[in-house]
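Notes for the one structure printed next.
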There are 2 protein chains.
Amino acid sequence: MEDIAQIYKALSEQMRLRILMLLTHGELCVCDLMAVLEEPQSKVSRHVAYLKNSGLIKGRRVGTWMHYFLKEPLEGLVAAHVEFLKRELSGLDWARDDVEKMKEVQAKKLCEAPPSVTRKRASGTTGTAAAGMAGNKGKRKANS
Amino acid sequence: MEDIAQIYKALSEQMRLRILMLLTHGELCVCDLMAVLEEPQSKVSRHVAYLKNSGLIKGRRVGTWMHYFLKEPLEGLVAAHVEFLKRELSGLDWARDDVEKMKEVQAKKLCEAPPSVTRKRASGTTGTAAAGMAGNKGKRKANS
DNA sequence: CGAATCTATCTGCTTAAACGGATATAAGAA
DNA sequence: TTCTTATATCCGTTTAAGCAGATAGATTCG
């Protein structure tokens, strides 16, 4: 799996770079990624799968959710590249924007909390939801 | 042109990595690259063109030949990546092998010398050619 | 000029992988 | 079990780019 070209293939899509940079800040579930990236689920899942198959990230199931995170420890050259990315890309505009949005998304805690709590918050109290509704592009029907 | 994903696309083929690593040792013409890589001319040219269009290398004409070399100075992120490649890949088996073969190829000086000299050497004295014929896969008809 | 050589590009074909939408699967809640 | 949610995967389509072989352009030599 020391195929360097394969590492670069994995890094050669902006979407995957964005996902990787987000994961350098901690693990995230697919729905959080969808919310941050504002991309359809199949697209996010596809790219996450690619990164997983390339040996860059791993996933673990947490209830209904899959949480993805950087594989640690990474093998030699892959590790060097990820360090490189952290160092060189974290200052770029798009990376900063994504991290900022990630914090907003996580503040809403739609995914991280136990399912029961989440479910009730989302449908029951519209107050907290309204406060953080900015950027929600109809991903979740308000009340139905 | 600070599209990071595009940099990684350029690096995501083994053939292009090999070319780049060779060029870290100095400029080379296409026919030398063909000899080292043992690949057809259209393939070498195609990958060289890709690297050129991605802003990693440049070419200059020297008589009949095109010599390619790493673009200097490279822009920020590209430069960092090339430095990274030099540091991390130069010890790999395939990279060492290619450099070694490059030195053999250049020792024959089929390309670097002025065309007239080259032409006469190649067709006139078969002695020098025979000494370095190893690895020549019918690329050049011996006498026709 | 014509011949030879080096390189770039075109041709037709093939493959990898992108995409969005639909569907299947897995797990918790009711 | 049935419903809902989260995620993975399948579908048909599209695009980028791989390939080898053929051809065209550039340059130098005679």
Side-chain angles (χ1 to χ4, degrees), chain A residues 5-6 8-16 19 28-35 37-54 57 59-68 110-124 139-141 143-144, chain B residues 5-6 8-16 19 28-35 37-54 57 59-68 110-124 137-141 143-144:
Chain A
Q6 181 55 39
Y8 288 125
K9 280 192 178 70
L11 302 179
S12 67
E13 278 280 321
Q14 180 71 7
M15 177 74 32
R16 291 197 285 266
I19 292 170
L28 288 170
C29 63
V30 175
C31 61
D32 278 350
L33 287 170
M34 287 169 59
L37 302 169
E38 300 185 46
E39 296 283 355
Q41 181 262 320
S42 69
K43 183 168 176 177
V44 173
S45 276
R46 179 159 31 85
H47 286 296
V48 163
Y50 198 112
L51 288 170
K52 190 175 58 172
N53 292 337
S54 301
I57 68 176
R60 68 186 179 96
R61 188 168 275 285
V62 178
T64 314
W65 296 278
M66 283 297 295
H67 284 210
Y68 287 96
L110 290 175
C111 296
E112 314 306 320
S116 57
V117 180
T118 304
R119 203 71 51 77
K120 277 166 186 162
R121 279 234 188 93
S123 61
K139 175 183 63 120
R140 197 186 292 269
K141 284 168 282 182
N143 349 306
S144 69
Chain B
Q6 181 55 39
Y8 287 125
K9 281 192 179 69
L11 302 179
S12 68
E13 279 281 322
Q14 181 71 7
M15 177 75 31
R16 291 198 286 266
I19 293 170
L28 288 170
C29 63
V30 175
C31 60
D32 279 350
L33 286 171
M34 285 169 59
L37 303 169
E38 300 184 46
E39 295 284 353
Q41 181 261 320
S42 70
K43 184 168 174 176
V44 173
S45 276
R46 178 161 32 84
H47 286 296
V48 163
Y50 199 112
L51 288 170
K52 190 174 61 174
N53 292 337
S54 301
I57 70 177
R60 69 186 181 97
R61 188 169 275 283
V62 178
T64 315
W65 296 279
M66 283 296 297
H67 284 210
Y68 287 97
L110 289 176
C111 296
E112 315 305 320
S116 54
V117 180
T118 305
R119 203 74 50 75
K120 277 166 190 164
R121 281 234 188 94
S123 60
K137 300 173 73 171
K139 172 182 66 117
R140 197 186 292 269
K141 281 169 282 182
N143 349 308
S144 70

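Within every chain, numbering begins at 1; the chains are lettered A, B, ... in the order of the sequence lines, protein sequences first and strands thereafter. Note that the coordinates shown come from a computational prediction; the quantities given were computed from them, not determined experimentally.
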Of B/K9 and A/M66, the one whose nearest nucleotide on DNA chain D sits closer to the 5' end is A/M66

Under 4.0 Å from OP1 or OP2 of [N]: is there any side-chain N or O of [X] that close?
X: B/H47; N: D/dA17; value: no
X: A/H67; N: D/dA6; value: no
X: A/S45; N: D/dA8; value: yes
X: B/R46; N: D/dA17; value: no
X: B/R16; N: D/dG18; value: yes

Can you identify which nucleotide, out of [options], has its nearest atom closest to the [X] side chain?
X: B/Y68; options: D/dG18, C/dT7, D/dT7; answer: C/dT7
X: A/Q41; options: C/dC6, D/dG18, D/dA8; answer: D/dA8
X: B/S42; options: D/dA20, D/dA17, C/dA8; answer: D/dA20
X: B/C29; options: C/dT7, C/dG28, D/dA20; answer: C/dT7
X: B/E13; options: C/dA18, C/dA17, D/dG18; answer: D/dG18
X: A/W65; options: D/dT27, D/dT7, C/dG20; answer: D/dT7

For the [atom1] atom of [X] and the [atom2] atom of [Y], what is their distance to the nearest 0.5 Å?
X: B/D32; Y: B/H67; atom1: CG; atom2: NE2; answer: 7.5 Å
X: B/H47; Y: B/E13; atom1: NE2; atom2: CD; answer: 5.0 Å
X: A/Q6; Y: A/L11; atom1: CD; atom2: CG; answer: 9.5 Å
X: B/E39; Y: B/S45; atom1: CD; atom2: OG; answer: 12.5 Å
X: A/L28; Y: A/L33; atom1: CG; atom2: CG; answer: 5.0 Å

Nearest-angstrom distance from the residue atom [atom1] of [X] to [atom2] of [N]:
X: A/M34; N: D/dA6; atom1: CE; atom2: C1'; value: 9 Å
X: B/I57; N: C/dT7; atom1: CD1; atom2: C1'; value: 13 Å
X: A/L51; N: D/dA8; atom1: CG; atom2: P; value: 12 Å
X: B/K43; N: D/dA17; atom1: NZ; atom2: P; value: 16 Å
X: B/Q6; N: D/dA17; atom1: CD; atom2: C1'; value: 12 Å
X: A/E39; N: C/dG20; atom1: CD; atom2: P; value: 6 Å
X: B/N53; N: C/dT9; atom1: CG; atom2: C1'; value: 12 Å
X: A/Q14; N: C/dA17; atom1: CD; atom2: P; value: 19 Å

Classify the nucleic acid contact of A/R61 as base, sugar-phosphate or nothing, counting any heavy atom under 4.0 Å across all strands shown.
sugar-phosphate

For B/K9 and B/R16, the nearest pair of non-hydrogen atoms, with its separation, is O-NH2, 3.1 Å

